[in-house]
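Read through the structure below, which is laid out as structure tokens, and then see the notes.
Here is the naming used below: chain letters follow the sequence lines, and residue numbers restart at 1 for every chain. The model shown is predicted, which means the values in this text are computed figures rather than measured ones.
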Number of protein chains: 2
Amino acid sequence: MNTFTELRKLSDTRYTDLIDEAPLETEVRRLAEFFRVLGDPTRVRILSFLAREELCVHDLAALTEMEQSAVSHQLRTLRTHRIVKVRRSGKHALYSLDDNHIDQLTRIGLEHIREIR
Amino acid sequence: MNTFTELRKLSDTRYTDLIDEAPLETEVRRLAEFFRVLGDPTRVRILSFLAREELCVHDLAALTEMEQSAVSHQLRTLRTHRIVKVRRSGKHALYSLDDNHIDQLTRIGLEHIREIR
DNA sequence: GTAATATATGAATAAGTGTTCATATAAACA
DNA sequence: TGTTTATATGAACACTTATTCATATATTAC
């Protein structure tokens, strides 16, 4: 680990400014965790279907061609991070996007990956 | 694995519509990979500093309190995904954000995590 | 040339994660 | 009641990944 006494390149005031302006460590961790949840192909596929319409676990398993258990595990992760929400209807658990940010993020993300290649 | 012959819940036409409208598998993978790269606390911290100004590896190591080697490894990952760019100036490698999308994504991501708790 | 500084990188390792399997819970229906 | 269908979940395993250590490359200064 470095110590802040070795800081030489920038002026001391610039360093302290950058450190003061830096986001809180808890926010950094939560933001990274949020992006990490979006950073899995299975979850992206699930979200792309849910962006179209509310779907139950069985339908999502069929559409993504994954086992029910795997889809359920991933839905829990998405639920925990308030990316999808669920409502019960009889035997079914109907999932949908919980957050309007997800669409925006997906669109901007797609712009990026389309630009770089 | 499920097969599409078991699909029962939705009408057949709705299923095929959803599948037809689904993003290509290559795009899903690349989008997930992109978000995964953003999904690490060290990389988020690096990006938050680079959002303020161009910085060399040594400064980033000092500011993030990480070893030079660790920062360099992470910068390579960010470079590979065209999230940061680098220019050489003497002995120094000066890094900056390569993409204006990153700021947007960070802002929307922060909105999300601030809303949910 | 040598020394010092800045950055990059391969290998090893420890920690994290997605999927599968088996099983549990819950609701609907006979 | 028992049976079927839908979903959830703990444990195990295979795979991935972030960091460290050692070292290599590169530029500047002497």
Side-chain angles (χ1 to χ4, degrees), chain A residues 1-2 6-10 25 28-30 32-47 49-50 54-81 83-96, chain B residues 1-2 6-10 28-29 32-47 49-50 54-81 83-96:
Chain A
M1 289 296 186
N2 294 288
E6 338 171 348
L7 308 190
R8 285 288 149 256
K9 282 308 304 160
L10 296 176
E25 188 56 26
V28 166
R29 276 205 303 273
R30 289 178 60 205
E33 194 183 346
F34 172 59
F35 282 129
R36 186 182 53 73
V37 172
L38 296 182
D40 174 80
T42 299
R43 290 192 288 265
V44 168
R45 254 180 286 142
I46 288 173
L47 293 175
F49 284 118
L50 293 182
E54 189 182 50
L55 290 164
C56 71
V57 181
H58 179 259
D59 286 337
L60 285 168
L63 289 164
T64 58
E65 296 182 83
M66 306 271 304
E67 297 211 357
Q68 173 270 324
S69 176
V71 172
S72 188
H73 276 298
Q74 299 296 17
L75 285 169
R76 183 154 77 119
T77 300
L78 293 168
R79 238 187 306 131
T80 303
H81 291 83
I83 294 171
V84 303
K85 62 174 183 277
V86 60
R87 73 182 176 92
R88 291 232 148 236
S89 170
K91 283 192 284 192
H92 294 275
L94 296 173
Y95 282 86
S96 55
Chain B
M1 288 295 186
N2 296 288
E6 338 172 348
L7 309 188
R8 286 287 150 258
K9 284 306 308 159
L10 296 176
V28 166
R29 276 205 302 273
E33 195 182 348
F34 172 60
F35 281 128
R36 184 180 54 74
V37 172
L38 296 182
D40 174 80
T42 299
R43 290 193 287 264
V44 168
R45 253 181 288 143
I46 290 173
L47 293 174
F49 284 119
L50 293 183
E54 190 182 51
L55 290 163
C56 72
V57 181
H58 179 260
D59 286 337
L60 284 168
L63 289 164
T64 58
E65 297 183 82
M66 304 271 305
E67 297 211 356
Q68 173 269 322
S69 176
V71 172
S72 189
H73 277 296
Q74 298 296 17
L75 285 170
R76 183 154 76 120
T77 300
L78 292 168
R79 238 187 305 131
T80 303
H81 292 83
I83 293 170
V84 303
K85 61 173 182 279
V86 60
R87 72 183 176 92
R88 291 233 147 234
S89 170
K91 282 193 285 193
H92 295 274
L94 296 173
Y95 282 86
S96 55

[X] [atom1] to [Y] [atom2] distance, which is reported to the nearest 0.5 Å:
X: A:C56; Y: A:Q68; atom1: SG; atom2: CD; answer: 10.5 Å
X: A:E54; Y: A:H92; atom1: CD; atom2: NE2; answer: 11.5 Å
X: A:M66; Y: A:I46; atom1: CE; atom2: CD1; answer: 7.0 Å
X: A:I83; Y: A:L75; atom1: CD1; atom2: CG; answer: 11.0 Å

In whole Å, what is the span from the [atom1] atom of [X] to the [atom2] atom of [N]?
X: B:L55; N: C:dT7; atom1: CG; atom2: C1'; answer: 15 Å
X: B:L94; N: C:dA6; atom1: CG; atom2: C1'; answer: 11 Å
X: A:D40; N: D:dC15; atom1: CG; atom2: P; answer: 16 Å
X: B:L60; N: D:dT19; atom1: CG; atom2: P; answer: 14 Å
X: A:K91; N: D:dA6; atom1: NZ; atom2: C1'; answer: 7 Å
X: B:R87; N: C:dA6; atom1: CZ; atom2: P; answer: 17 Å
X: B:R36; N: C:dG16; atom1: CZ; atom2: C1'; answer: 13 Å
X: B:M66; N: C:dT7; atom1: CE; atom2: P; answer: 16 Å

Do the non-hydrogen side-chain atoms of [X] and [Y] ever get within less than 4.5 Å of each other?
X: B:H73; Y: B:T77; result: no
X: B:T42; Y: B:T64; result: no
X: A:L38; Y: B:L38; result: no

Given D:dA18, is OP1 or OP2 found less than 4.0 Å from the side-chain N or O atoms of B:R43? yes

Do any side-chain nitrogens or oxygens of A:H58 fall under 4.0 Å of OP1 or OP2 in D:dT7? no

Angle of first-five versus last-five pair axes in the helix from C:dG1-D:dC30 to C:dA30-D:dT1, to 10 degrees: 10°

Of the non-hydrogen atoms in B:R79 and B:V86, which two are nearest, and what is the gap between them?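 Looks like CD-CG1, 3.7 Å.
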
Could you tell me which non-hydrogen atom of A:P41 sits nearest to which non-hydrogen atom of B:V28, and how far apart they are? O-CG1, 3.5 Å

Upstream residue (5' side of DNA chain C) when A:S89 and A:T42 are each assigned their closest nucleotide: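 Of the two residues, A:T42 wins.
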
Between the protein and nucleotides 8-10 of chain D, list every N/O to N/O distance that falls short of 3.5 Å.
residue : atom : partner : partner atom : Å
D:dA8   : OP1  : A:Y95   : OH           : 2.8
D:dA8   : OP2  : A:S72   : OG           : 3.1
D:dA8   : OP2  : A:Y95   : OH           : 3.4
D:dA8   : N7   : A:Q68   : NE2          : 2.8
D:dA8   : N6   : A:Q68   : OE1          : 3.3
D:dT9   : O4   : A:S69   : OG           : 2.6
D:dG10  : O6   : A:H73   : NE2          : 2.9

